[in-house]
Amino acid sequence: MTTQNINGNKPMIYIFITSDYKDSELVAHIGYGIEEEGIPFKTFVQEKNNSQELAYNAAQNSSLGIGLGVTSEDQVVLQMAKLSKENPVFNKTLNSNEQAKKMGSNAARMVKGLPFKSFKSEE
Amino acid sequence: MTTQNINGNKPMIYIFITSDYKDSELVAHIGYGIEEEGIPFKTFVQEKNNSQELAYNAAQNSSLGIGLGVTSEDQVVLQMAKLSKENPVFNKTLNSNEQAKKMGSNAARMVKGLPFKSFKSEE
Amino acid sequence: MEIIVGVDIGNATTEVAIGKIEAEQEFNFIAEGEHQTTGLKGTEENIKGIMNALQQAVQEADLKLEDLDLIRLNEATPVIGDVAMETITETIITESTMIGHNPSTPGGVGLGVGKTVMITELDSCSAGEEVIVVIPAEIDFAIAAENINEGLARGIEVNGAIVQKDDAVLIANRIDKQMPIVDEVKFIDKVPLDRKAAVEVASSGGTIQELTNPYGIATVFDLDADETKHIVPVARSLIGNHSAVVIRTPQGDIEEKRIPAGKIIAFGESGKEKIAVDQGAEEIMKSIEKVQPLKDVKGESGTNVSGMLERVRSKMKQVTGQNLSDIKIKDILAVDTFVPQEVKGGLAGEHSLENAVGLAAMVETSQLPMQQIADALVQELPEVEIEIAGVEANMAISGALTTPGTDKPIVILDMGGGSTDAAVLTQEGNIHTAHLSGAGNMVSMIIETELGLEDFDLAERIKKTPLAKVESMFNIRHEDGTVHFYDEPLAPQLFSKVVSLDEGELVPIPTDHSMKRIRQVRRDAKKDVFVRNAVRALKRTIPTGNIRDIGFVVMVGGSALDFEIPELISNELSNYGVVAGRGNIRGMMGPRNAVATGLVLSYLNNPRWN
Amino acid sequence: MEIIVGVDIGNATTEVAIGKIEAEQEFNFIAEGEHQTTGLKGTEENIKGIMNALQQAVQEADLKLEDLDLIRLNEATPVIGDVAMETITETIITESTMIGHNPSTPGGVGLGVGKTVMITELDSCSAGEEVIVVIPAEIDFAIAAENINEGLARGIEVNGAIVQKDDAVLIANRIDKQMPIVDEVKFIDKVPLDRKAAVEVASSGGTIQELTNPYGIATVFDLDADETKHIVPVARSLIGNHSAVVIRTPQGDIEEKRIPAGKIIAFGESGKEKIAVDQGAEEIMKSIEKVQPLKDVKGESGTNVSGMLERVRSKMKQVTGQNLSDIKIKDILAVDTFVPQEVKGGLAGEHSLENAVGLAAMVETSQLPMQQIADALVQELPEVEIEIAGVEANMAISGALTTPGTDKPIVILDMGGGSTDAAVLTQEGNIHTAHLSGAGNMVSMIIETELGLEDFDLAERIKKTPLAKVESMFNIRHEDGTVHFYDEPLAPQLFSKVVSLDEGELVPIPTDHSMKRIRQVRRDAKKDVFVRNAVRALKRTIPTGNIRDIGFVVMVGGSALDFEIPELISNELSNYGVVAGRGNIRGMMGPRNAVATGLVLSYLNNPRWN
Ligand SMILES: Nc1ncnc2c1ncn2[C@@H]1O[C@H](COP(=O)(O)OP(=O)(O)O)[C@@H](O)[C@H]1O
Ligand SMILES: Nc1ncnc2c1ncn2[C@@H]1O[C@H](COP(=O)(O)OP(=O)(O)O)[C@@H](O)[C@H]1O
Ligand SMILES: [Mg+2]
Ligand SMILES: [Mg+2]
């Protein structure tokens, strides 16, 4: 696994995705949720893998220790660097762009130490 | 550089030392300072290097992101994972075991978010 | 007689003490027992709890139930207390004149003024017009930003935006001009259009300065002196906000109105007083004082308060079988508190802390229902002599005096769940008692209300244990600032939460309140109830009414176990030169077992030798 | 006359406003200028600051100094204010009877009781003896642990330890029995040996429960009722501690004593009042009230307070040349505050918050030293007409009324650095003024004292800007809870510090106080001085003394720029139905330039056409 710490030490959330999600709206909306909360992030295309692995690797590489993994069937995992691979923070199949945006918000809120957005009330 | 994360994800401060410091009282006292503050730590013997490199590597490997490096002439560096190698938190030549203990305390206090102990008033 | 047992049936807990007469003049306490009181105190259901507590005690003493010689029951005069909460104010925004919900991620910075225009209507604006765009959820933020840029390019002075979704930063990052943007405005359709509006967002970490100043709003809307007077409540309500919107709707207003909450009538020896609950706790207590000593209290039907007053009466009827008309309410404690409520007419789900009154009431009776319990016990334990012993207050004093360092003149403060009971033993050896409403249950009710918990058990937990904040997956920070690290990661759902520490277990508190706020609410609730009642109790039991005329105050009962309450009370009483502290019955039991211990000791003062 | 200039020389700031008469009835303000006042207000040194401010203004107006037609100076009546702090209590521990410094890393947990024994003397103890070992710095912690284990193995009941170095956890981790250990006891040699002692350490995040309870100490030391009375101050002083030690020294005590701080004598029309400063601010203000209106105030020589009272007199003499005996102190503001001090007789450098009194005093004079300044200005600008225009209060009112939304009856509150000046314009058009001591400098002095800063500039900075805590190398958390991330890492010395946000710069505050505490101190200081003085000022200027008789309060001056002070005052005044807020001179200058603006406007009301 390569360390893609191109931006030096600037603190960022990392999103690792498989190539089929390269231009997906879903991933873009995860990014929007993080952007609205004011935390920097970067998306990387990785070799085929399950989202749990992707999220875990993203979290290890992220200087903030927060990572997301997205792969087939809109399965998204939110992970923190110190948790075990099998027990991530969130493991969810996303149903909409709004949900993706909330997932992004929650990733950023982990960094900010704020309560998560609930997935219950949908627009 | 090998990842000696033997203890899984248990959060610890890492102390990287060169072999000449293997049983040194100085290093033991750094450990005593950390132990008094109630933070776990582990010491690893590394290949010959300057303390800035040792501390930097220790910090990257430490799950708490805090590392110390000790090498020849009692030169000790306290480092944090996100800082650049050239700008560690502390870079000090230690004069006594008491100073080593304070350095350890300060490493632990970085984790706990508490003010550092001053090196001015010596016992 | 050799094995003497004292049994104290409390409202919440049944306690037992076993003493053994080793030889003439030689006596030892050999065991204790404790169990939750089963059923209402004073009813036959109590037997179960008594038997449980006895079993515990005999086991500890390595005895059997048959070995007991005498069981003495407290001559308990039932005291039943209850609490109710009444909200007495509401906040109403009229004509959608302001938005003050303070979203966590507004966009841009500064003060922007213009006419409110739906973003879809931006086309119809001309160059030079000053506008505030309104952006509903249907409009994608990227499209919205494009539209704003097009408008700016055409020369329209877009000076700010009001957005329905959480999109302010996204929009701010994509437009060509810096402007303040307030988002998460739930009811965007209620934003008045074609009106002058001001949007303000403070710089990072700061508070808005213009819209909280009546003259700032006057400048923006060119108001005259009278219109400026009218706008004061709006400005004041926004103090402390990081962002806000004010819209020029001349009749628009934010008002705090009193909610009629019925009256209570306090009957005293000398007359009666009628007081509206919405006048607040201070007025209620003043009225009560005027007619002391209280003979009864009635409420206006249909209110929470009257419902509660009738509830205590029914519970007592259950215990004693008396007519409801013969059951009198002898004490009231009212406490001013706050309850978070949604603001009426708000555009974004704004909340406000409304005034509320917490009321505790108490009934007592001189009836003695203990005989039926004694009879039932005789059935259970035919080989043991059962008797109803002395007055509860005397037993409490006797037990409390086994606390090292105590002496008369002394006041025992028994702080339970439903009532606070006090007994004084004067220098001359006289005993006076008083029962007051307001105790552990009221404290928990206030905590539950002020934090908007809707969970009494959680409130009890918050009351009893210190707080901590989960800072990372491996550490918590206690309310005293110290940090505790765990070897294993904590459950993800605990992350960032304020938790209650329950014997090493972390119980998350499901609100957005900061740890500092929860701590403040917890301590204030304890002060408002128990420090208040400690002083009231002392003034009522001490014959001179002067607290300086006693030397010692001993706190017993479940609420005396609290880690903060005894200190809060001793702090208050330090002004009066009294020694005050948590009891330590027999130098080892802490604040528990006072009455049970007293029951055994009082036999020894008057033994019947076989 | 075409270009009219108003020049206002304040104690701290000199302000300038330039107006241009375009045509008959047509007039515009065209520029402003501002500079720090050079020298004491009313002396010739002021010229420098005036010229600087004028330069700024003419540059903004695209003019030259020669283009100016008329300069109007304020008819300033000098007001000089100063502040002083007096500590009035001290805390003394006698006979080394307790240790309460609450170290951050004690060891073990629980309550341990025993006789104090130097660890080197442990050998001479016998099996079954209950001891508390005392461990000085010379003993290495590993050796100490060994010795304790040896003692335990021999059957000695070692129940706790008192340690000089920060070694409690290290020792606790190496001994065979869990026991409470208190460390960082600096003066270990003062620990009384061969005495019964109790050591208590609470569980993680909790507070000690036994040694804060007089009956708990009574249990441990088997005290009688009188001895328990005596121990109450010790128990109280330990409330909130995580650990503590109490040693049985029968005469030992912790006492808070008053420190004599001299008297002040207040002379009024009707008589005089003598009051001891150590009585506290409330008593001082009561005494002052009795002799209102004040004619003069004198202090007992040798105290901080009297030194300050004479200082204001000398400063005024510098300005006006009057005899000291003709210079009278016309107002005093006393504020109760706290100063952290080391406890006398403490064993571990314990600190305690002692009571202190902050005192502000003010002198004013009816002398008008402005003529010499006018003359000097004529020298500098021979082509410009210079005149001393109207009374300062009138100019302030005139300027303040350019704030949108204002009307008479109105009070102007000019909140500066050394004094708070008020002027009322009644409905009938009458003007009344008052000068009060206590303003921005007093707020900063209180902040400096309560936080133990010994740095007035830092206190000023803390006063003026919101706080943040550096949470990591890349982010800070603002006092409002919001988080700000940086691209580049912050300097390591900022880590974990509370910082003051000064225009994007993070200035570390070199104390151990929490952000919450610093914020509380900041806001309380502002309330104690300015909310207090706002009410005093209104009551003194409004003819009826009833605040409800005016409609508008406008706050101007440097302290009105403060991000919190106007809100704190408007909150207080909301009870009186007044419109209160920060001024906005000419709808654009904020709270600045009121007098300068008024000077120009007053010419227009009475122009002299060339
Ligand atoms: N550890 C504790 N801390 C604080 N309050 C407690 C604790 N244990 C019990 N309580 C409170 O004590 C009250 C019950 O007191 P108790 O003396 O058992 O009642 P009663 O005298 O009516 O039997 C309840 O309000 C309960 O919340
Ligand atoms: N931005 C600010 N926030 C809070 N206080 C301020 C600010 N700027 C100046 N001050 C305070 O204003 C006071 C000086 O006020 P000023 O009106 O200039 O004095 P004067 O009227 O005596 O010339 C000082 O106490 C200073 O600390
Ligand atoms: Mg937002
Ligand atoms: Mg320690």
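Chain A is the first sequence line, chain B the second, and so forth, proteins listed ahead of strands; every chain is numbered from 1.
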| What pairs meet the salt bridge (Lys or Arg N to Asp or Glu O under 4.0 Å) rule with one or both residues in residues 200-225 of chain C, with sequence neighbours excluded? | none
| request: Using side-chain hydrogen bond (donor to acceptor under 3.5 Å, both in side chains) as the criterion, list what pairs up with Asn593(C), not counting sequence neighbours. | output: Arg586(C), Thr597(C)
Least distance between heavy atoms, [X] atom then [Y] atom:
| X | Y | value |
| --- | --- | --- |
| Ser204(C) | His478(D) | OG-NE2, 2.9 Å |
| Val579(C) | Pro214(D) | CG1-CB, 3.8 Å |
| Asp407(C) | Ala225(D) | CB-CB, 3.5 Å |

| field | Partner set under ring-ring contact (aromatic ring centres under 6.0 Å, His included) for Tyr486(D), not counting sequence neighbours | value | His484(D)
| Are Thr482(C) and His242(D) side-chain neighbours, meaning at least one heavy-atom pair lies under 4.5 Å? | no
| query | Does any non-hydrogen side-chain atom of Pro404(D) lie less than 4.5 Å from one of Val220(C)? | reply | no
| Donor-acceptor pair, side chain of Tyr215(C) and main chain of Gly590(D), under 3.5 angstrom | no
| Donor-acceptor pair, side chain of Asn213(D) and main chain of Arg582(C), under 3.5 angstrom | yes
| task | Would you please go through residues 561-569 of chain C and name the residues with a non-hydrogen atom below 4.5 Å from one of chain D, in numerical order? | result | Asp562(C), Phe563(C), Glu567(C)
Pick from [options]: which one has the most heavy-atom pairs with chain D under 4.5 Å?
| options | result |
| --- | --- |
| Arg477(C), Lys516(C), Glu227(C) | Lys516(C) |
| Thr207(C), Val553(C), Leu223(C) | Val553(C) |
| Pro466(C), Ser574(C), Gly206(C) | Ser574(C) |

At a heavy-atom separation under 4.5 Å, does [X] approach chain D through its side chain, its backbone, both, or neither?
| X | result |
| --- | --- |
| Thr403(C) | side chain |
| Phe221(C) | neither |
| Ala580(C) | backbone |

| Under 4.5 Å from a heavy atom of chain C, the part of Thr212(D) involved | side chain
| Of all of Ile476(D), Asp226(D), Leu467(D), Val554(D), which one pairs up most often with chain C through heavy atoms under 4.5 Å apart? | Val554(D)
| request: Among the options Ala218(D), Gly577(D), Gly405(D), Gly581(D), pick out the one with the most heavy-atom pairs lying under 4.5 Å from chain C. | output: Gly405(D)
| said: Quick check for you: to the nearest 0.5 Å, what is the distance between Glu471(C) atom CD and Glu471(D) atom CD? | reply: 7.5 Å
| said: How long is the straight-line distance from CG of Asn571(D) back to CD1 of Ile239(C), given to the nearest 0.5 Å? | reply: 5.0 Å
| query | Are Arg236(C) and Ser570(D) linked by a side-chain donor-acceptor pair shorter than 3.5 Å? | reply | no
